[in-house]
Amino acid sequence: MREAKTMKEMQQEIDDYISQFKTGYFSPLAQLARLTEEVGELAREVNHHYGEKLKKSDELPKTISEELGDVLIVAIIMANSLDIDLTEVFNENMQKFHNRDSHRFERYDDDNHLEEMIEEEG
């Protein structure tokens, strides 16, 4: 089994790969089109597995993980071309989720959480 890579290492590996070609990174608009295409392919696979739409008999088998992997790669490519550090973005977004959504959904520990809120208000 391969050793897990950090997001920074994944971004660097993709940059190293793309940097060997004269074409380099495509424009942000072209990358967004590609990302949209890959998300559509992911949606199609999810629909085949969990929805009512069956695959055509001549369609090649693909997996949700394969399509999700394509989405990830294209997102990393887009981030690289725009000089976005995805580790930093991830950390910022998780902080936002923790702050914004801490009381948004029912939690497993809601009974204890409710008691803490009442104590804080009281």
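Values reported hereafter were calculated over all heavy atoms of this structure, with side chains retained and with hydrogens, waters and symmetry mates removed.
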- Query: Is there a donor-acceptor pair closer than 3.5 Å between any side-chain N or O of N47 and the backbone N or O of A43?
  - Reply: no
- Query: Taking it one step at a time, do Q95 and N99 satisfy side-chain hydrogen bond (donor to acceptor under 3.5 Å, both in side chains)?
  - Reply: CA-CA 6 Å; Q95 187 62 44; N99 292 337; 3.2 Å; yes
- Task: Answer yes or no: is there an ion pair linking R34 with E38, defined by an N-O contact shorter than 4.0 Å?
- Result: yes
- Message: Rounded to the nearest 0.5 Å, what separates atom CG in N91 from atom NZ in K96?
- Response: 13.0 Å
- Distance (rounded to the nearest 0.5 Å) between K8 NZ and L86 CG: 9.5 Å
- Message: Is there a side-chain contact (heavy atoms from CB on, under 4.5 Å) between L35 and V71? Walk through the geometry before answering.
- Response: CA-CA 6 Å; L35 182 60; V71 170; 4.0 Å; yes
- Within a reach of under 6.0 Å around CG of L82, are more than 12 heavy atoms found that belong to other residues, nucleotides or ligands? yes
- Would you say the side chain of I64 lies within less than 4.5 Å of the side chain of E67, judging by non-hydrogen atoms? no
- Message: Grouping I, L, V, M, F, W and Y whenever their side-chain heavy atoms are under 4.5 Å apart, do F21 and I76 come out in a common cluster?
- Response: yes
- Message: So L42 and D70, do their side chains get closer than 4.5 Å, heavy atoms only?
- Response: no
- Between D15 and Q11, do the side chains contain an N or O donor and an N or O acceptor separated by less than 3.5 Å? no
- Message: Taking atom OH as the centre, does Y25 end up with more than 12 heavy-atom neighbours from other residues, nucleotides or ligands that are less than 6.0 angstrom away?
- Response: yes
- Message: Looking at every non-hydrogen atom in both residues, tell me the closest pair between I18 and G24 and how far apart they are.
- Response: CG2-C, 3.6 Å
- Message: How about CD on E13, more than 12 heavy atoms from neighbouring residues, nucleotides or ligands closer than 6.0 Å, or not?
- Response: no
- Task: Evaluate side-chain hydrogen bond (donor to acceptor under 3.5 Å, both in side chains) for Q20 paired with D16, printing each intermediate quantity in order.
- Result: CA-CA 7 Å; Q20 67 184 327; D16 292 344; over 6 Å; no
- Query: With a 4.5 Å limit on heavy-atom distance, are the side chains of E45 and T63 in contact?
  - Reply: no
